Trainee: 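Take this structure first; my questions come after.
In what follows, chains carry the letters A, B, and so on, assigned in the order in which the sequence lines appear, proteins first and then strands, with residues in each chain numbered from 1. Being a predicted model, the structure only gives us computed values, none of them experimental.
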Amino acid sequence: MTLVSARIVECGYRGGFALRDVYFDLQEGDFLLITGRSGSGKTTLIRAITGTLEAVEGYLKGEVYLCGHVVLGSRPEEIYSCMVYIPQEPWYAIIGHTVYAEICHSLALEGRVCNMSDFSTTGLTRLFNRLTHTLSAGETQRVLWAELALRGARVLVLDEPLVYLDEISRSHVRDIVERALGEGVSTILVDHNPFFWEKLEPRLIVLENGRVAYSGKWSHELLEKHTGKFTVTKSTNRASRGVYAELRNVWYRYPGGDYVLVDVNMTIQRGVITAITGPNGSGKTTLLKIASGVLKPSRGSIVRRGASIYIPENPLLYFTMPTPREELLLAARGEEYRVLDIAEYFNIKHTLDQPIVRLSSGERRRVALASAYLYEFSGYFIDEPTGGLDYDSARLVLDLLEDIAEDGKAVVIATHDERATKRADLHAEIKK
Amino acid sequence: MGFLTWLISIAYKSIFLTGDAGLKRAHVATKVLFATSLLVVYTLSPEKAPLVLPVLLILGLLHAGLEWITATITLTGLVGAYLGCSSYLLSFTGLYTMTPLQVLLVVFRSITIGFAVILVFNMISPAELYNALHVLGAKRFSSYPLLVWRLMPLGLRNFVDAVAVGYLKREKITSRIPPATASLIEAGWFIEEYSYWRLRVKSKTQIPLSRSIVYSIVLVVASLTTLLLASL
């Protein structure tokens with residue numbers, strides 16, 4: 001039975017990007033992987049398939065059918081019961097204020113009354129009464145995976161599902177997808193790292209500049225040609241240039257919660273990149289915030305030698321001004337020539353007068369780094385610097401971090417991305 | 001980290017420390033009864049309002065523990081101190097006279113009223129509102145209370161993060177409001193997009209609520225005690 005049928009003549013945004021001529025059918029248990037570089041049209045295609053283009057003032061010429069229902073024009077209930085969509089930023093797909101409310105609400109929309117066995121069978125018993133805004137990204141994804149299992153949807157759409165997951169959780173997600181495929185669920189997945197899915201040999205759609213560059217069977221060689229291959233090349237073997245900060249017996253707990261960090265001792269070095277790694281929910285971001293001075297430890301002490309900056313996973317919280325030019329001018333104390341130099345160096349010249357809210361994730365990260373660099377901080381603490389970035393954008397960001405480290409600054413990143421950890425000089429692993 | 005960040009974290013603890021736990025699990029009728037008893041005291045005999053404070057403190061302790069009590073007392077204490085001080089200073093204009101004891105009464109009354117308002121707000125269960133909208137036939141909108149309770153702490157947390165980053169950048173706190181607002185607006189866009197269908201589907205059943213007889217009895221006892229204290 002055909003569960004997904006796409007006949008997309010053109011879709012996109014009025015006066016903006018357009019994706020053309022995408023045609024495919026998916027039967028029960030079919031697995032389609034969509035890949036391509038940043039700006040190739042992956043997100044637009046997902047929006048067209050899930051019928052959410054309208055939410056972002058986009059348009060669709062053509063038709064998409066899910067479970068036999070035309071996406072634009074059917075009753076919402078028909079589309080909702082057919083499909084589960086897990087986006088790249090999973091926390092925005094949660095409506096309930098607690099895990100219990102979230103699961104029960106999603107079942108209530110299908111006319112099902114939730115019960116305790118729904119939580120025990122999906123391994124959510126421990127999270128049952130947790131407030132959803134306190135969940136880590138990995139825990140949030142677990143809640144969404146549980147919804148998938150409980151709702152029995154027939155089409156699964158995943159946008160960059162591995163970005164915030166540790167190695168174990170990634171393998172777990174692959175197992176879940178494999179199981180879902182075995183149960184006849186049609187799966188559409190977008191990933192900047194298609195090679196992770198090689199074992200399942202999905203069908204491929206490779207997008208390039210709004211067109212289908214390849215559509216067909218799995219081909220390793222072809223993917224390397226179209227998406228590039230990320231090779232780890234450290235420009236130099238960097239060595240520490242002295243101690244930047246020391247954390248002694250640091251403990252931390254959030255209001256109403258248990259201790260996230262217990263007796264952490266750490267020395268942060270200048271001139272190198274330090275990667276903080278660890279399983280989901282282990283406290284990587286918390287450690288980064290404490291080390292940078294965003295949070296004060298509940299117990300213990302920190303000695304920093306020089307000013308520090310923290311760039312959140314969502315760099316929007318870093319910015320002060322509405323455009324990159326104004327943001328950089330503020331950091332450069334009004335010296336325009338420094339702004340233009342740094343914009344050239346960080347490859348953001350083309351974005352200077354665009355609203356920051358309209359920039360891509362990679363561009364936002366580069367603008368934030370450029371601004372921080374202009375402030376001349378001594379310590380840079382960056383959360384998930386390559387999260388959701390394709391190979392080219394990730395390479396650009398990592399090159400810049402290396403440059404900052406080579407300038408004698410302390411660079412500390414919290415990440416799950418092995419592209420980033422392989423470029424780091426020192427590693428600090430947090431155990432749960 | 002600055003007074004505002006501290007204030008926000010106190011407000012956060014006062015309002016969003018617990019999920020659907022504690023007094024949120026009491027029966028809705030007992031919640032209404034307790035809120036009514038407070039209203040009776042504050043409207044009919046406002047001078048006796050401070051007498052209710054011990055009842056409120058015990059309820060708060062049972063609801064969310066000492067951390068919540070400390071945060072809420074601090075928050076209401078700040079409001080009380082501000083009102084007390086401003087009343088006292090205004091008395092120098094000659095419009096009215098105020099003894100130190102009366103000032104203290106203003107402070108205590110403000111703390112009690114503030115504490116009561118926060119406690120009653122803490123008793124509201126978004127899941128209960130969800131069910132109420134479902135029963136009233138507003139099934140398309142039943143998810144909205146859940147969304148509001150999800151977005152409010154998210155916004156506060158974003159604001160605290162934005163202010164903290166501004167502190168590191170040595171910026172004025174007022175300059176941090178735009179990024180915090182932008183991130184909340186963006187969160188709204190994302191939720192609208194990612195939950196596009198969910199927000200358009202009508203609820204078909206209610207969310208089962210786990211009621212607590214113990215908390216319901218506690219609220220009935222607290223209501224009767226409040227009324228008794230008011231009649232003294």
Trainee: Select one option (side chain, backbone, both, neither) describing which atoms of B:T18 are under 4.5 Å from chain A's heavy atoms.
Mentor: backbone
Trainee: Specify which of A:I356, A:N129, A:T98 makes the most heavy-atom pairs with chain B at under 4.5 Å.
Mentor: A:N129
Trainee: Relative to chain A, which of B:I185, B:L154, B:D161 shows the most heavy atom pairs under 4.5 Å?
Mentor: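 Winner by heavy-atom pair count: B:D161.
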Trainee: Of the backbone (N, CA, C, O) and the side chain (C-beta and beyond), which part of A:E102 lies under 4.5 Å from a heavy atom of chain B, both, or neither?
Mentor: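 When you check distances to chain B, atoms from both the backbone and side chain of A:E102 fall under 4.5 Å.
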Trainee: Any side-chain heavy atom of A:N115 within less than 4.5 Å of one from B:P208?
Mentor: no
Trainee: Between CG of B:N158 and CG of A:L317, what distance do you get to the nearest 0.5 Å?
Mentor: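 Separation between the atoms: 5.0 Å.
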Trainee: Under the 3.5 angstrom rule, does the side chain of B:K204 hit a backbone N or O of A:L109 as a donor-acceptor pair?
Mentor: yes
Trainee: Would you give the length of the straight line joining atom CD1 of B:I207 to atom SG of A:C114, rounded to the nearest 0.5 angstrom?
Mentor: 7.0 Å
Trainee: Looking at B:E186 and A:R364, does any basic side-chain N land under 4.0 Å from a carboxylate oxygen?
Mentor: yes
Trainee: Who wins among A:I79, A:T50, A:I309 for the most heavy-atom pairs under 4.5 Å with chain B?
Mentor: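 Ranked by heavy-atom pairs under 4.5 Å with chain B, first place is A:I79.
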Trainee: Taking side chain as everything from C-beta outward and backbone as N, CA, C, O, which of these in B:R176 sits under 4.5 Å from a heavy atom of chain A? Side chain, backbone, both or neither.
Mentor: side chain
Trainee: Nearest 0.5 angstrom please: B:D20 CG to A:L131 CG, how far?
Mentor: 8.5 Å
Trainee: Mind listing the closest non-hydrogen atom pair of A:S292 and B:L168 along with its distance?
Mentor: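 Of all heavy-atom pairs spanning A:S292 and B:L168, the closest is O-CD2, 3.5 Å.
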Trainee: Does any non-hydrogen side-chain atom of B:S195 lie less than 4.5 Å from one of A:I95?
Mentor: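 A:I95 vs B:S195: side chains touch.
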Trainee: If we define contacts as heavy-atom pairs under 4.5 Å, which of A:T132, A:T52, A:T320, A:L53 has the most with chain B?
Mentor: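 Of the candidates given, the most pairs with chain B belong to A:T320.
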Trainee: Atom CH2 of B:W197 and atom OG of A:S74: how far apart are they, to the nearest 0.5 Å?
Mentor: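 Between atom CH2 of B:W197 and atom OG of A:S74 there are 7.5 Å.
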Trainee: Taking B:W149, B:Y130, B:F159, B:W189 one by one, which has the highest count of heavy-atom pairs under 4.5 Å against chain A?
Mentor: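 Counting heavy-atom pairs under 4.5 Å, the top option is B:Y130.
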Trainee: So, A:R47 side chain and B:E193 main chain: donor-acceptor pair closer than 3.5 Å or not?
Mentor: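 Checked: no pair found.
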Trainee: Using a cut-off of 6.0 Å, state whether more than 12 heavy atoms not belonging to B:I213 lie near its atom CD1.
Mentor: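 Open: at most 12 neighbouring heavy atoms sit under 6.0 Å from CD1 of B:I213.
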Trainee: Non-hydrogen atoms of chain A under 4.5 Å away: do they reach the side chain of B:Y144, the backbone, both or neither?
Mentor: neither
Trainee: For A:S81, is it the side chain, the backbone, both, or neither that has a heavy atom closer than 4.5 Å to a heavy atom of chain B?
Mentor: neither
Trainee: Under the 3.5 angstrom rule, does the side chain of B:T205 hit a backbone N or O of A:R112 as a donor-acceptor pair?
Mentor: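 Here the side-chain-to-backbone pair exists.
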Trainee: So which residue, B:K13, B:R200, B:E67, ends up with the most heavy-atom pairs under 4.5 Å with chain A?
Mentor: B:E67
Trainee: Determine the option with the most heavy-atom pairs under 4.5 angstrom with chain A, choosing from B:A180, B:A187, B:A162, B:P178.
Mentor: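 Greatest number of close heavy-atom pairs with chain A: B:A187.
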Trainee: How far does OG1 of A:T134 sit from CG of B:L17, to the nearest 0.5 angstrom?
Mentor: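 Here the interatomic distance stands at 10.5 Å.
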Trainee: So which residues of residues 115-129 of chain B are in contact with chain A at a heavy-atom cut-off of under 4.5 Å?
Mentor: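 Heavy-atom contacts from residues 115-129 of chain B to chain A are B:P126, B:A127.
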Trainee: Quick one: do the B:Y196 and A:E54 side chains pair a donor with an acceptor below 3.5 Å?
Mentor: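 Checked: B:Y196/A:E54 side chains pair up, N/O donor to acceptor below 3.5 Å.
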Trainee: Hey, is OH on B:Y82 packed in by over 12 heavy atoms from elsewhere, all under 6.0 Å?
Mentor: no
Trainee: Indicate yes or no: at least one non-hydrogen side-chain atom of B:E171 is less than 4.5 angstrom from one of A:L330.
Mentor: yes
Trainee: Hey, what do you get for OG (B:S9) to NZ (A:K296), rounding to the nearest 0.5 Å?
Mentor: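 Separation between the atoms: 10.5 Å.
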Trainee: Which atoms of A:V71 are under 4.5 Å from chain B, going by heavy atoms: the side chain, the backbone, both sets, or neither?
Mentor: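 For A:V71, backbone and side chain are both near chain B.
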Trainee: If I compare all heavy atoms of B:R198 with all of A:A93, which pair ends up nearest, and what's the gap?
Mentor: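 Minimum heavy-atom separation between B:R198 and A:A93: NH1-O, 3.0 Å.
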Trainee: Counting only non-hydrogen atoms closer than 4.5 Å, does A:M83 touch chain B with its backbone (N, CA, C, O), its side chain (CB onward), both, or neither?
Mentor: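 Looking at A:M83, just its side chain touches chain B.
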Trainee: Tell me whether the guanidinium CZ or amine NZ of B:K169 lies under 6.0 angstrom from the six-membered ring centre of A:Y318 and within 45° of its axis.
Mentor: yes
Trainee: Heavy-atom cut-off 4.5 Å, strictly under: side chain, backbone, both or neither for A:E78 against chain B?
Mentor: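 Neither part; nothing is under 4.5 Å.
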Trainee: Could you tell me if the side chain of A:I94 sits less than 4.5 Å from the side chain of B:I191, heavy atoms only?
Mentor: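 Not in contact.
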Trainee: What is the ring orientation for B:F190 with A:Y92, classed by angle as parallel under 30°, tilted 30 to 60°, or perpendicular over 60°?
Mentor: parallel
Trainee: With a 4.5 Å cut-off on side-chain heavy atoms, are B:M152 and A:H97 touching?
Mentor: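 Sidechains of B:M152 and A:H97: no contact.
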